[in-house]
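Notes follow the structure.
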2 protein chains.
Amino acid sequence: MEFRNQKAIYLQIADYICEGILSGEYQEGERLPSVRDFASQVEVNVNTVTRSFDYLQQKNVAVSRRGLGLFVATGAREAVYEMHREEFFSEHLPEIFRQMQTLGISMDEIQSKLKDFTNN
Amino acid sequence: MEFRNQKAIYLQIADYICEGILSGEYQEGERLPSVRDFASQVEVNVNTVTRSFDYLQQKNVAVSRRGLGLFVATGAREAVYEMHREEFFSEHLPEIFRQMQTLGISMDEIQSKLKDFTNN
DNA sequence: TGCAGTGTAATATCTAACTATGACACTATG
DNA sequence: CATAGTGTCATAGTTAGATATTACACTGCA
């Protein structure tokens with residue numbers, strides 16, 4: 001897993017898990033990999049994954065059961081969907097629009113790039 | 001000036017200045033506000049602005065003259081333009097496309113939001 | 001020359017994020 | 001009951017970013 005500098009690693013891991021939930025890779029009620037498995041898999045410290053897990057619980061996306069593991073919460077998929085949609089439209093997209101204005105990039109250009117993107 | 005958590009403040013200040021250069025607010029060869037002016041204006045420490053200035057010099061966007069101030073470098077506008085365009089197409093846009101896929105957002109929806117954006 | 005306004009440098013403190021490591025409590029299973 | 005695999009807690013150390021403060025070197029100008 002490759003990380004970006006801008007965003008905290010534990011948040012990127014949480015995002016990664018959320019995408020797994022959206023895609024259906026992780027079903028509601030299903031157990032997620034253990035902190036230690038995750039840590040070695042993405043080559044990160046256990047504490048960092050623990051922080052991701054804490055974050056997911058705080059957002060009602062996951063529930064931990066001591067001695068058992070971390071499980072996808074019921075209603076998690078819808079919760080994640082709403083959260084990400086909200087963030088997308090209120091934060092990411094406006095920023096993209098701003099940059100398009102500043103850089104003089106047209107919607108046609110975006111359309112063209114989208115074709116390239118979906119073909120690769 | 002409002003800052004985001006995700007990105008370092010000194011980089012956001014640098015971005016702000018770069019946008020001023022792109023928009024023509026700051027012409028090439030023109031002097032930028034002093035570190036102390038900037039610091040009090042955006043309510044940030046002098047050291048943070050200094051870091052922004054260092055960054056801009058490192059990117060060949062500005063040149064400092066001791067005792068005089070920081071000046072927009074010749075060719076800065078084109079340099080900033082290329083840098084931001086590159087970043088936009090290789091990093092921001094692909095991320096947006098990924099999220100569109102994950103969240104099931106169509107290009108029509110984006111078009112519609114763009115209209116809202118440009119009208120406000 | 002003196003002074004105010006420049007960038008710059010040095011030092012110290014604080015916080016968030018990440019790492020390293022060890023330990024503890026709980027659960028299922030043999 | 002013992003053990004392996006869970007989450008969790010505690011401690012300590014590192015780094016980047018931001019702050020606070022003081023001081024220095026340079027420049028233009030009165």
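In what follows, every heavy atom counts, from backbone to side chain, and hydrogens, waters and symmetry copies are set aside. Model, not experiment: these values are computed from the prediction.
- Residue pairs meeting the ring pair (Phe, Tyr, Trp, His ring centres under 6.0 Å) criterion with at least one partner in residues 26-52 of chain A, sequence neighbours excluded, do not occur; the list is empty.
- The distance from atom CD of Glu43(B) to atom P of dT19(D) is 11 Å, rounded to the nearest whole Å.
- Within the structure, salt bridge (Lys or Arg N to Asp or Glu O under 4.0 Å) pairs that include any residue of residues 9-38 of chain B comprise Arg98(A)-Glu19(B), Lys7(B)-Asp15(B) (at least two apart or interchain).
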Between protein and nucleotides 12-16 of chain D, what N or O pairs are separated by less than 3.5 Å?
none

Pairs under 3.5 Å (N/O, protein and nucleotides 3-6 of chain D):
| residue | atom | partner | partner atom | Å |
| --- | --- | --- | --- | --- |
| dG5(D) | N2 | Gly67(A) | O | 3.2 |
| dT6(D) | O2 | Gly67(A) | N | 3.4 |

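- One finds no side-chain N or O of Thr50(A) lying less than 4.0 angstrom from the OP1 or OP2 phosphate oxygen of dC9(D).
- Residue Val46(B) is out of contact with every strand shown, counting any heavy-atom pair closer than 4.0 Å.
- Atom-to-atom distance recorded for Leu22(B):CG and Glu78(B):CD is 9.5 Å, nearest 0.5 angstrom.
- We find that CZ of Phe71(A) is positioned 11 Å from C1' of dG7(D), with the value rounded to whole Å.
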Return all side-chain donor-acceptor pairs below 3.5 angstrom for residues 53-76 of chain B, not counting sequence neighbours, or 'none' if the list is empty.
| residue | atom | partner | partner atom | Å |
| --- | --- | --- | --- | --- |
| Gln57(B) | OE1 | Ser64(B) | N | 3.4 |
| Gln57(B) | OE1 | Ser64(B) | OG | 3.3 |

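- The hydrophobic cluster of Met83(A) has no other members, since no ILVMFWY side-chain heavy atom comes under 4.5 Å of it.
- When all heavy atoms of Ser23(B) and Gly20(B) are compared, the pair lying nearest together is OG-O, 3.1 Å.
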Counting only pairs under 3.5 Å, give me each side-chain donor-acceptor contact of residues 109-118 of chain A, with atom names and distances, residues two or more places apart or in other chains.
| residue | atom | partner | partner atom | Å |
| --- | --- | --- | --- | --- |
| Glu109(A) | OE2 | Arg85(B) | NH2 | 2.5 |
| Thr118(A) | OG1 | Leu114(A) | O | 2.9 |
| Thr118(A) | OG1 | Lys115(A) | O | 3.1 |

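- For DNA chain C, the span of nucleotides reached by chain B at under 4.0 Å from its heavy atoms goes, 5' to 3', from dG5(C) to dA10(C).
- Sequence neighbours left out, the pairs with a member in residues 41-50 of chain B that pass side chain to side chain donor-acceptor pair (under 3.5 Å) are Asn45(B)-Asn47(B).
- Interatomic distance, Ser106(A) OG to Met100(A) CE, rounded to the nearest 0.5 Å: 6.5 Å.
- Residue order along DNA chain D, read from the 5' end via each residue's closest nucleotide, puts Leu32(A) first among Leu32(A) and Val44(B).
- Arg51(A) places no side-chain N or O within donor-acceptor distance of the main-chain N or O of Tyr10(A), the cut-off being under 3.5 Å.
- For residues 76-95 of chain B, there are no ring pair (Phe, Tyr, Trp, His ring centres under 6.0 Å) pairs, not counting sequence neighbours.
- With a 4.5 Å cut-off on side-chain heavy atoms, Gln99(A) and Glu87(B) do not count as touching.
- Sorted by residue number, the members of residues 53-61 of chain A with any non-hydrogen atom under 4.0 Å from DNA chain D read Phe53(A), Gln57(A).
- Counting heavy atoms from C-beta on, the side chains of Glu95(B) and Glu91(B) never come closer than 4.5 Å.
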